[in-house]
Amino acid sequence: MKRLSSIAEWRAFAQRVRDEGGRVGLVPTMGALHEGHLSLVERARANGDVVILTSFVNPRQFSDQADLAKYPRSPESDAELARVAGVSALVSPALAEMWPDFPAATHTTVSVARLGDVLEGVGRPGHFDGVASVVAKLFAITGPCRAYFGEKDFQQVVVVRQMVRDLAFDVEVVACPTRRDETGLALSSRNVRLSGAGRERATALSRSLRAAREASGPASARRAAMAAVLAEAGVDVAYAEVVDETTLEPLADARRGRGRAVVAGVVDGVRLIDNAEIDLNEPGG
Ligand code: AMP
C-alpha cells in the first residue's frame with residue numbers, strides 16, 4: 001500500500017491506474033477507520049476497483065470548532081486497517097494542500113441549495129457546503145472513478161449524487177449499506193465517545209427505525225412510532241422524520257411507496273444519526 005500526501009502524487013497515482021486499464025475506487029473518509037469504512041473498501045474491491053482511500057478531517061464541514069477538536073484521530077491504526085483491507089493508496093493530504101487559505105474566508109465553495117438546509121443542515125449551517133466542496137475537490141483530483149459512500153450518512157449520499165448530476169463529474173456514486181454492531185447501533189467514529197450507558201441509550205435510534213418499519217399506516221403513524229421509542233429512551237432528539245428519498249422533504253400521509261426514516265439525536269453529548277428505507281405500502285415494510 002502506498003501512503004501519499006501530496007495532491008500531485010495522488011493525481012498521478014489515479015491516472016496511472018486508468019492508463020494501465022484499471023478502474024479507480026475512491027473511498028473518502030475522515031479517518032478513525034472502523035468496519036463501516038472497511039465495508040466500503042470491501043465493496044470497491046469486490047467490483048474490481050483499485051482502491052484509493054482518502055483520510056482528511058475537513059474543517060470546512062464543522063460548524064462547531066469544539067466538535068472538530070474532539071474528532072477522533074488514529075493515523076497509525078488507520079494505515080494498518082487500510083493495508084489489511086487491500087487499499088492500494090492511502091491518501092492523507094495536509095490541510096495546507098486541501099485548503100491553502102484556511103481559515104480565511106477567501107475560498108471557492110460548492111453551495112448546496114435546499115438539500116443542504118434540511119435535516120442535518122438545520123443544526124449545522126454550512127455543513128453540506130463544506131462536504132460538497134471537499135468532495136468536489138476529491139473528485140477533481142482523482143478524476144474518473146467510482147466513489148463509495150455509506151448510506152449511514154444518507155443525506156450526504158443525496159447531496160453528492162445531486163452534485164455529480166449538476167456539475168457533471170465523471171464519477172459513479174455507489175451507496176453502501178450501513179454496518180451495525182450486534183446491538184443495532186450504526187458504527188461511527190464518534191461512538192468511542194459514548195459511555196456504557198450511552199451506548200445502551202444510543203440503540204434507541206436503530207430501534208426507532210425498526211418501529212417505523214413495523215408500524216402500520218401512513219407517514220405520520222411511522223413518525224409517531226419513532227418518537228415513542230426515542231422518548232422512552234430519553235434521547236435528546238434533533239429530528240425523527242419520514243422523508244422522500246431524493247428531495248428529503250417530509251412525506252404526506254397520502255404518499256405510498258418508498259420513503260426513508262431518518263433520525264438524529266444527542267447521547268452523552270455525542271450527535272448520532274441513523275436511517276432506514278421504509279415501504280409505505282406495507283405495514284412492517
Ligand atoms: P466518515 O469518516 O465518518 O466521514 O465516513 C466516511 C464514509 O464511511 C462515509 O461515506 C460514511 O457514510 C461511511 N460510513 C461511516 N460509517 C458507516 C457505517 N456504519 N456503515 C457504512 N458506511 C459508513
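We count ligands from 1, going down the list as the structure has it; atoms in each ligand are counted the same way.
- Around atom NZ of K2, no more than 12 heavy atoms belonging to other residues, nucleotides or ligands sit under 6.0 Å away.
- Taking 4.0 Å as the cut-off between side-chain N and carboxylate O, R193 and D67 count as a salt-bridged pair.
- For residues 153-186, the pairs satisfying ring-ring contact (aromatic ring centres under 6.0 Å, His included) are F139-F169, with sequence neighbours left out.
- Partners of R23 according to the salt bridge (charged side-chain N to carboxylate O under 4.0 Å, His left out) rule, which considers only residues two or more places apart in sequence or in another chain, are E172.
- With hydrogens and angles ignored, the 3.5 Å screen pairs no side-chain donor or acceptor of K152 with any backbone N or O of S188.
- For ligand 1, the 4.0 Å heavy-atom shell contains residues P28, T29, M30, H34, G36, H37, L40, Y71, F149, G150, K152, D153, Q156, P177, T178, R179, L187.
- Among residues two or more places apart in sequence or in another chain, the side chain to side chain donor-acceptor pair (under 3.5 Å) test is passed with E249 by R114.
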